[in-house]
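Sharing a structure here in C-alpha cells format.
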Amino acid sequence: MVTPRVTEDTVIAALREVKYPGMSRDLVSFGMIKNTRVEGAAVYLDLQIPTEDTAVIAKVEASVRETLGRVPGIGELHIQTAKRQAPQESAPGPAPLPGVRRIIAVASGKGGVGKSTVSVNLALALAQSGAAVGLLDADIYGPNVPRMLGEAGRPTAHEGKIVPLVRYGLNVISVGYLLGDQSPIIWRGPLVAQALKQLLHEVHWGGLDNVEVDYLIVDLPPGTGDTQLTLVQSVPLTGGVIVTTPSAVALMDAERGLRMFREARVPILGIVENMSYFICPHCQGETDIFSRGGGRQVSESLGVPFLGEIPLNPAIREGGDTGAPVVVARPESAEALIFRNVAEKVRLAAEAAAEAMPQMIIR
Ligand SMILES: Nc1ncnc2c1ncn2[C@@H]1O[C@H](COP(=O)(O)OP(=O)(O)O)[C@@H](O)[C@H]1O
Ligand SMILES: [Mg+2]
C-alpha cells in the first residue's frame with residue numbers, strides 16, 4: 001500500500017476534527033494552529049492557545065499529537081506551544097472597532113442571573129450621564145434585548161452595513177431585531193461565531209450621523225463558551241463586568257466567568273450582585289432572600305472591584321418585560337439610582353483600564 005503524501009492541507013484537515021476543550025469549535029477555526037510546515041514525514045506547527053491553564057494546554061497538545069499520530073505518513077511531530085508574551089512584546093491584538101471607544105462585556109457563568117437586565121440598565125444609565133452608548137445583544141440563541149427595550153421595527157442597511165435601531169437614545173443591535181421570531185433555535189457553533197462577528201464589524205455603531213460611541217455594552221449569553229471566546233478574539237475589550245446572584249452556585253459560576261476574562265487578559269471591571277435583597281413593597285423592609293453579600297466576598301477574595309447590590313424588585317422585572325427598563329421608566333426610583341451608581345463605577349473602571357493598557361488583548 002502506498003502511503004499518501006502528507007501536505008499542510010492534510011494536517012489542517014485532521015486538526016479540524018480537534019475541538020478546543022469544552023467548546024464545540026475546532027482548533028483550526030479558532031485560529032490556534034499557526035505556521036504549519038511539512039518536510040517529508042516531519043510536521044512542524046505552532047499552537048497558540050489563549051489560556052495559561054497548563055491542564056488545558058496539555059490536553060490540546062495531547063489531542064493534536066494523538067490525532068496527527070493516526071494520520072498515515074506522518075512521522076516526526078514538532079509542536080511548539082506559544083508562550084504568552086508580555087504585553088509590550090506581543091503582537092497587536094484585534095483591531096479596534098471603528099467608531100467605538102470602549103467595549104464592555106457583561107457576563108455571568110449562569111443564565112437567569114440578570115445579565116440582560118444589568119446590560120440594558122447599565123447602557124441606559126451611561127447614556128443618561130451624557131455618553132453615546134451602543135448595546136449589542138450577543139445572545140444569538142436567546143436574544144433578550146428586544147423584549148427589554150421593546151419592539152422597534154427592523155434595522156436597515158446603509159452602504160453595506162447594518163444601521164442600529166435607536167431605543168431611548170441607545171444604538172441597539174440584536175439578532176432578535178434582525179430575524180424577529182424567525183431566529184433559528186439551533187445554530188451550529190461556527191455560525192454563531194460568524195453571526196457575532198457580523199454584529200460587531202458590520203454595523204454602523206455610530207448610526208447614520210456617525211457619532212463616536214463612547215461605550216458599547218455587550219450582553220453575553222450565559223457561560224464561558226464559543227461566543228465569549230469569539231468576542232475576546234474579535235475585538236479589543238476594555239473590560240468585563242460579571243453579574244451574579246448571592247446564591248452559592250451562581251457565585252461559583254461567577255468565578256468561572258471571571259477566570260475566562262483573566263485568561264484572555266481582559267480586565268475585570270467588577271462584580272455586580274443582582275437580586276441581592278428584597279424590599280417589601282408594603283412595609284419597605286429589606287429581606288435577604290439569598291445570602292446577601294456573597295458578591296462582595298467573591299470580589300474581595302479575587303481582588304476585583306465590587307460594583308454594587310441590586311435588589312430583587314418587581315419593578316425591575318416589569319421594566320424588562322414591558323420594554324421600559326426601570327432606569328428610564330422610573331428615573332427617580334431607588335433602583336434607578338442604584339443602576340446609575342453601578343454605571344458610574346463601571347465608567348471609571350473602564351477609563352482606568354483603558355489608560356492602564358491600551359493594547360490589552362494578547363494573542
Ligand atoms: N433585580 C431584579 N429584580 C426583579 N427581577 C429581575 C431582576 N433582575 C432580573 N430580573 C428578572 O429575571 C429574569 C432573568 O433576567 P435576565 O436579565 O434575562 O437574566 P440573564 O440575561 O442573566 O439570563 C428576567 O425576567 C428579569 O426581568
Ligand atoms: Mg440574557
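Atoms within a ligand are numbered from 1 in the order they appear, just like the ligands themselves.
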Would you kindly confirm whether Ile104 and Leu348 end up in one hydrophobic cluster when ILVMFWY residues are joined by side chain heavy atoms under 4.5 Å apart?
no
Leu237 and Val235, any side-chain heavy atoms less than 4.5 Å apart:
yes
Ligand 1 versus Asn144, non-hydrogen atoms closer than 4.0 Å: side chain, backbone, both, neither?
side chain
Taking 4.0 angstrom as the limit, do Asp321 and Arg147 come out as a salt bridge?
yes
NZ (Lys59) with more than 12 external heavy atoms under 6.0 Å:
no
Purely on distance, is any nitrogen or oxygen of Gly112 under 3.5 Å from one on ligand 1?
yes
Could you tell me whether Lys115 and ligand 1 have an N or O pair separated by under 3.5 Å?
yes
Ligand 1 N/O within reach of Thr117 N/O, cut-off under 3.5 Å:
yes
Looking only at the side chains, is there a donor atom on one of Tyr215 and Glu351 sitting less than 3.5 Å from an acceptor on the other?
yes
How far is atom 25 (O) of ligand 1 from the closest protein heavy atom, and which atom is that?
Arg317 CG, 3.8 Å
Between the Mg ion (ligand 2) and Ser119, is there an N, O or S atom separated by less than 2.8 Å?
no
Shared ILVMFWY cluster between Val18 and Ile12, side chains joined below 4.5 angstrom?
yes
Does an N or O anywhere in Lys110 fall below 3.5 Å from an N or O of ligand 1?
no
Atom 10 (N) of ligand 1: closest protein heavy atom, distance to 0.1 Å, is Met275 CE, 3.9 Å
Can you tell me the protein heavy atom closest to atom 7 (C) of ligand 1 and the distance?
Ile316 CG2, 3.7 Å
The Mg ion (ligand 2) to nearest N/O/S of Thr117 below 2.8 Å
no
Would you please classify the geometry between the Tyr44 ring and the His78 ring as parallel, tilted or perpendicular, with 30° and 60° separating the classes?
parallel
So is there a nitrogen or oxygen of Gly114 less than 3.5 Å from a nitrogen or oxygen in ligand 1?
yes
Any N/O pair Gly320/ligand 1 closer than 3.5 Å
no
Thr230-Thr227 side chain donor-acceptor pair, cut-off 3.5 Å:
no
Measure the distance from atom 3 (N) of ligand 1 to every protein heavy atom, then report the residue, atom name and distance (to 0.1 Å) of the closest one.
Asn313 N, 2.9 Å
Looking only at heavy atoms of Met148, does any of them come nearer than 4.0 Å to an atom of ligand 1?
yes
Heavy atoms of the protein only: does one fall short of 4.0 Å from atom 13 (C) of ligand 1?
no
Quick one: do Arg65 and Glu61 satisfy salt bridge (Lys or Arg N to Asp or Glu O under 4.0 Å)? Show the steps, please.
CA-CA 6 Å; Arg65 285 190 182 281; Glu61 281 177 357; 5.7 Å; no
What protein heavy atom sits nearest atom 8 (N) of ligand 1, and how far away is it?
Asn274 ND2, 2.9 Å
Checking side-chain polar atoms at under 3.5 Å, does Ser108 have a donor or acceptor matched by the opposite partner on Lys115?
yes
Surrounding CZ of Arg330 (heavy atoms of other residues, nucleotides or ligands, distance under 6.0 Å), is the total greater than 12?
no
Which atoms of ligand 1 are found less than 4.0 Å from any heavy atom of Pro311?
1 (N), 2 (C), 3 (N)
